[in-house]
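Counting starts at 1 for both ligands and their atoms, in listed order. What you are looking at is a predicted structure, and each value in this text was computed from that prediction instead of being measured.
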Amino acid sequence: MELDPNTLDASQRYRLMISGIVPRPIAFVSTINQEGVANLAPFSFFTGIGASPMRLLFCPANQSDGTEKDTLRNAKPVSEGGTGQFVVNVATEAYAREVAAAAEPLAYGESEFNLTGLSMAASQVVKPPRLAESPVAFECETSQVIRLGSNEPGGSNIVMGRVVHIFVRDDLIDGKYHVDPAGLAAIGRMGGRGYCRTSDRFEMPRGRSALAPE
Ligand SMILES: Cc1cc2nc3c(=O)[nH]c(=O)nc-3n(C[C@H](O)[C@H](O)[C@H](O)COP(=O)(O)O)c2cc1C
């Protein structure tokens, strides 16, 4: 089937994206509002940008009424009325249900930490707390928000952050700064209600030697 995105409606395009771009890592993003109330929400349109400097991005779409999601409202730069900070916590099997639950749309100022029963731990550099249960967390200063559909329902936004501090649970990091994937037990997002584990892994050399039989 050949598909022209211009002939599809927004929900068809969305379903094709979330089921065709898989598996996606999940940024479990903690922020605070101006009153200091903590917010926690999952975002699977998420990736690293680069290591020098260390930057990452996630994409909070606008709500169906065109307004910003709480995470964007909190994380946008101070010059735009936000706090300019956020923490990306890794989503893992240990609290998979809480990751899904934190997507509950709560009123601004109501905390998903209360809804899920997950705990906060003080961050080292930024004001938003990290998720205490998360084995890996990236504390970020927001460098830029790119708005691709300001005030449009479902319009896309890209939040780019500079990593200013990293937390890794001591038992999960080796001398070369690799995080142990088995101990991390990250989960990924598939389409619809689908998720995946990262317990089925395999290794390959890089380059042409990957084509040689073992
Ligand atoms: C696993 C998962 C991944 C999600 N990824 C995204 C995403 O990449 N972008 C987005 O706008 N919403 C995403 N959502 C929906 C948001 O988490 C949801 O709208 C949430 O209520 C936003 O919270 P906030 O208003 O506190 O920021 C995702 C939901 C789940 C369960």
Write 'none' if nothing qualifies; otherwise put on separate lines each N/O atom of ligand 1 with a protein N/O atom under 3.5 Å away and their distance to 0.1 Å.
from	atom 1	to	atom 2	distance (Å)
ligand 1	5 (N)	Ser44	N	2.9
ligand 1	8 (O)	Ser44	N	3.1
ligand 1	8 (O)	Phe45	N	2.8
ligand 1	9 (N)	Cys59	O	2.9
ligand 1	11 (O)	Ala61	N	2.8
ligand 1	11 (O)	Lys69	NZ	2.9
ligand 1	12 (N)	Lys69	NZ	3.0
ligand 1	14 (N)	Pro42	O	3.4
ligand 1	17 (O)	Pro42	O	2.8
ligand 1	19 (O)	Lys69	NZ	2.8
ligand 1	21 (O)	Ala103	O	3.0
ligand 1	25 (O)	Asp70	N	3.0
ligand 1	26 (O)	Asn39	OD1	3.2
ligand 1	26 (O)	Asn39	ND2	2.8
ligand 1	26 (O)	Glu112	OE2	3.3
ligand 1	27 (O)	Asp70	N	3.4
ligand 1	27 (O)	Thr71	N	2.8
ligand 1	27 (O)	Thr71	OG1	2.5

Between side-chain atoms of residues 38-46 and protein atoms elsewhere (two or more places apart, or another chain), which donor-acceptor pairs fall under 3.5 Å?
from	atom 1	to	atom 2	distance (Å)
Asn39	ND2	Thr71	OG1	3.4
Ser44	OG	Arg24	NE	3.0
Ser44	OG	Arg24	NH2	3.3

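- Follow the hydrophobic side-chain contacts under 4.5 Å out from Tyr177 and you reach Val90 in the same cluster.
- Linking ILVMFWY residues whenever their side-chain heavy atoms come closer than 4.5 Å, directly or via other members, places Val168 and Val88 in the same cluster.
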Could you go through residues 152-164 and list every donor-acceptor pair under 3.5 Å that involves a side-chain atom there, pairing it with any protein atom two or more places apart or in another chain?
from	atom 1	to	atom 2	distance (Å)
Asn157	ND2	Pro60	O	2.9
Asn157	ND2	Asn62	OD1	2.9

Pairs under 3.5 angstrom only: tabulate donor-acceptor contacts from the side chains of residues 179-193 to other protein residues two or more places apart or in another chain.
from	atom 1	to	atom 2	distance (Å)
Asp180	OD1	Ala182	N	3.1
Asp180	OD2	Gly183	N	3.1
Arg189	NH2	Gly192	O	3.0

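- With Asn89 contributing its side chain and Ser134 its backbone, the two residues share no donor-acceptor pair below 3.5 Å.
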